[in-house]
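Down below is the structure, laid out as structure tokens.
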Amino acid sequence: MNYELAIKLTMGAVAVLGFILPFGYFFSGKKTRSRYKNALTGNVLAVVAGIVLALIFAYQPAIAAETAESAGLASGMGFIAAALATGLSCIGGGIAVASSASAALGAISEDNSIFGRSLIFVGLAEGIALYGLIISFSILGRL
């Protein structure tokens, strides 16, 4: 099987199983909490299955050998490391911005003169995502 075809089929299967089927199930009947939980569980399981399939493709030396300029396992693991660095830093930045921005809004509502200082703290929290992006660029630059 061709590598590009396998990737396209996998992405299509993850899209259908991860998004269309769980929420189609939810919207097809009466919207209850248990139906929503089942749809969300199906969505999470499909995303985990997509990650597992991506790891399987990364560990396949035969598939990696088909590509023109591939370093094999090291290249695949480098891409996964770059994706994890960016993804996890963005999640951490989102959590930090959520807590610092809500605290800043509460403080600004009491005293308008601290707007600048609170904006600095929210900006520092957003910097966490940029650090992960810089790390992922440095990882991709080494591949």
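All residue numbers in this chain count up from 1 along the given sequence.
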What pairs of residues pass the side chain to side chain donor-acceptor pair (under 3.5 Å) test when at least one of them lies in residues 76-98, not counting sequence neighbours? Thr86-Ser136
To the closest 0.5 Å, what do you measure between CD1 (Ile128) and SG (Cys90)? 10.5 Å
Ser99 versus Ala96, closest heavy-atom pair with distance: OG-O, 3.1 Å
Set of residues satisfying ring pair (Phe, Tyr, Trp, His ring centres under 6.0 Å) with respect to Tyr36, sequence neighbours excluded: Phe26
For a side-chain contact (heavy atoms from CB on, under 4.5 Å) check, start with the C-alpha distance between Leu140 and Phe79, then their side-chain angles and the critical distance, and finish with the verdict. CA-CA 7 Å; Leu140 292 175; Phe79 288 127; 3.4 Å; yes
Provide the closest heavy-atom pair for Ala85 versus Ile135 in the form atom of the first, atom of the second, distance. CB-CG2, 4.3 Å
If you round to the nearest 0.5 Å, how far is CG of Leu84 from CD1 of Ile91? 9.5 Å
Which atoms form the tightest heavy-atom contact between Asn112 and Ile108, and what is the distance? OD1-O, 3.0 Å
For residues 114-125, run the donor-acceptor check on the side chains, cut-off 3.5 Å, and write out each pair with its distance to 0.1 Å, sequence neighbours left out.
residue	atom	partner	partner atom	Å
Ser118	OG	Ile114	O	3.2
Ser118	OG	Phe115	O	2.8

Inter-residue atom distance Leu40.CG - Leu45.CG, 0.5 Å rounding: 9.5 Å
